[in-house]
Amino acid sequence: TTNRTTSLRKANHNHHQPYHLTRQSEQPKDDEMTATRNPRRKRHKLISTAASVVLVSHRMIHVPRAMALCSSSAVRSAATSASATGARRMIRVVSMPEEQWRQKAAEHSARVRNLLAPGLTDIDHPMNSGIRRQPGRDSGTSSADYFTALDPQNPVYNFLIEYYGLKGVKGPRRLARWSPDPSLLLFNEEELNASGLRVEEKEILHRHDANDSPILDSGIFLEGATEEDFGGTLHLKGAIPLEDGSGTIFSPSLFYNRFGGDDEGEGDSNSSSSKDKMKSAAPFQWYRAILTNTINSEPIFHCHGLHEWAMQYHPPGSDPPPSGKYQSHMPLRVSREVINEAVERRGISCTHVDALRFFAKAAAPLNHHGSQLERTDQLRLEQKGCVHAHMDLLKLSIRLQPFVDASLVADTLEISLRARRLDVEASPYDVRPFGFGVVPVELPEGREEYRRRQKELMQAATPIRERLLTAYEAFLDLAFDDATLIGAEHNPAAERFARAEPGGKPWRKSLIEG
């Protein structure tokens, strides 16, 4: 099914025009919006017959805002509350047999465990004290039997903690949770049946009126999935267990249509409900734009990973580099003089806007793309040869959870770990005690090796990036109506207009005034 989904919905990415982000004051007038905005993919029709009808008595689909973090008891409480105001209607679901999705979930968990294994801490590590206190855990249980926290000292795996917030035991478990591919909702019935799936109609309870598009009132139904699966095998966020215990629905549109608001405000772009939905949609549009522009970019192969060296740049008389603290537990494999010479040789050609904030201040004038950049510069600078752009594919796939094919999350994890390995092996740190090699970019032969591996990474990452862009496009089609997407495109979040400079603050604390 995954392969057919990719081939069926693969976009003609080379024909996509690069995205440009402008502030609200610079936006075209309302009558120009439709003509000027980037066209969205035409919605696919879901061909369906009512194979069966199941009554879901007093079970909510109107999910409260706090649903993503609530407990099973809160789920039941919200369902009771929703039953008082909701109305029943039929929605289409793609049903996946329990045996099929559980097998996929087990395979995904095993793959994630295999990828993370070298970076997982031992059960005796203080970060795993919560696991040791759990009932049923005996002293003979090894960390291979379940997930432990990532090692904050491991230079390859600690970036998952520092960059992407996968902290403690919950971080690896989040990656290991399985989720179905929502683009199955865009397949016709014949294709689904060939994969052992079927299209059904179920009666659900929902506060809002039915949407104009059938695919906005649809979901993936996992047969036999119950609240006991949440937080472990499946994601709690977005999960809608049916009261009769027959399974659980995952639906992008029903989750993002959970916002309240007066009924009279429905469809009004100024209503609180509409604004909430636009606020939810805007970040996904931003990441889609990043993916689109990166795919259409020209690769750069002369940066040689010197962003890590720029973080340690410390010429005589300058302030100590503040970013040196991030890998302070690792010794340098070269002298300070060699680091300075490598940075000064031809300057720095780093296109990754996020990296500039971690440069030493003294390295700012040596960056060929500017000593100060804005967040919107990412749309023109991000390029498909960038090692850190490959690492960020994991971040972008996590953003879609649980409405993304779990196999794609695992693919982005694998490519990001490969990219991070090259990143640290080409750094000035001595990572050999952790079992990693050295790419001496301070020497001609090291720079040649870096370029070779950089090109190999780009070739491996390109199809994953294209699949991720397709996943974003499918998600936006499935989660939001046209009015919401148009409004969100013309009302980007304030943090999209922020400034980065060496030693600077995070984006949301460096907003550009005006």
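Keep in mind that the numbers below use all heavy atoms, side chains included, and drop hydrogens, waters and symmetry copies.
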Classify the angle between the aromatic ring planes of W178 and W101 as parallel (below 30°), tilted (30 to 60°) or perpendicular (above 60°).
-> parallel
Using a strict 4.0 Å threshold on nitrogen-to-oxygen distance, state whether R288 and E489 make a salt bridge.
-> yes
May I ask you to say whether R447 pairs ionically with E449, meaning some side-chain N is under 4.0 Å from a carboxylate O?
-> no
Using a distance-only test with no angle check, is there a side-chain donor-acceptor pair under 3.5 angstrom linking R465 and H390?
-> yes
Flag for D377-H369: side-chain donor and acceptor within less than 3.5 Å | no
Derivation of the side chain to side chain contact (heavy atoms under 4.5 Å, CB included) call for W286 and L379 | CA-CA 9 Å; W286 167 259; L379 292 172; 3.9 Å; yes
So does K167 have more than 12 non-hydrogen atoms from other groups sitting under 6.0 Å from NZ?
-> no
Has the side chain of E191 got a donor or acceptor atom that lies under 3.5 Å from a matching backbone atom of N188?
-> yes
Pick out which of R420, R421, R111 makes a salt bridge (charged side-chain N to carboxylate O under 4.0 Å, His left out) with E414.
-> R111
Ignoring hydrogens and angles, state whether a donor on the side chain of N128 or T121 is under 3.5 Å from an acceptor on the partner side chain.
-> yes
If the plane angle is over 60° it's perpendicular, under 30° parallel, otherwise tilted; pick one for Y164 and F159.
-> perpendicular
Ignoring hydrogens and geometry, is there a side-chain-to-backbone donor-acceptor pair from T148 to I123 under 3.5 Å?
-> no
After noting the C-alpha distance and the side-chain angles of V199 and L192, does the key distance pass the side chain to side chain contact (heavy atoms under 4.5 Å, CB included) rule?
-> CA-CA 8 Å; V199 176; L192 292 168; 3.4 Å; yes
Under 3.5 Å side-chain donor-acceptor pair for R451 and H304 | yes
Can you find a pair of side-chain heavy atoms, one from Q401 and one from V404, that are under 4.5 Å apart?
-> yes
Please determine if R113 and E107 form a salt bridge, counting it only when a charged side-chain N lies under 4.0 Å from a carboxylate O.
-> no
According to the interplanar angle, ranging from 0 to 90°, do the rings of F436 and F434 count as parallel (below 30°), tilted (30 to 60°) or perpendicular (above 60°)?
-> parallel
Worked check of side chain to side chain contact (heavy atoms under 4.5 Å, CB included) between F221 and R198 = CA-CA 10 Å; F221 179 64; R198 64 181 182 278; over 6 Å; no
State whether the number of non-hydrogen atoms from other residues, nucleotides or ligands found under 6.0 Å of R345 atom CZ is greater than 12.
-> yes
Quick check: does any side chain N or O of D229 sit under 3.5 Å from a backbone N or O of T226, one acting as donor and the other as acceptor?
-> yes
Does a side chain donor of either H352 or H307 reach within less than 3.5 Å of an acceptor in the other side chain?
-> no
Any donor-acceptor N or O pair under 3.5 Å, side chains Q312, R336 = yes
Measure from the side-chain N and O atoms of H329 to the backbone N and O of Q153, and report whether any donor-acceptor pair falls under 3.5 Å.
-> yes
Do the non-hydrogen side-chain atoms of V431 and V156 ever get within less than 4.5 Å of each other?
-> no
Stepwise, does the side chain to side chain contact (heavy atoms under 4.5 Å, CB included) test hold for V112 with H108?
-> CA-CA 6 Å; V112 170; H108 172 72; 3.6 Å; yes
Is the closest side-chain donor-acceptor distance between R399 and Y287 under 3.5 Å?
-> yes
Is there a donor-acceptor contact under 3.5 Å from the side chain of T462 to the main chain of Q459?
-> no
E425 and Y450 side chains, donor-acceptor separation under 3.5 Å = no
Judged by modelled atom types alone, do T294 and E382 share a side-chain donor-acceptor pair under 3.5 Å?
-> no
Would E99 and K104 satisfy salt bridge (Lys or Arg N to Asp or Glu O under 4.0 Å), going step by step from the backbone distance to the final call?
-> CA-CA 9 Å; E99 181 180 358; K104 291 178 179 292; over 6 Å; no
Run the salt-bridge test on K509 and E495 with the 4.0 Å N-O cut-off and return the result as yes or no.
-> no
Check the angle between the aromatic planes of F480 and F475 and answer parallel, tilted or perpendicular using the 30° and 60° thresholds.
-> perpendicular
Can a donor-acceptor pair be found between the side chains of H388 and D354 at a distance below 3.5 Å?
-> no
Does the T248 side chain pair with the main chain of A225, one donor and one acceptor, at a distance under 3.5 Å?
-> yes
With a 4.0 Å cut-off, would you call R452 and E456 a salt bridge?
-> yes
So among Q383, Q378, H368, R380, which one has a side chain to side chain donor-acceptor pair (under 3.5 Å) with T351?
-> Q383
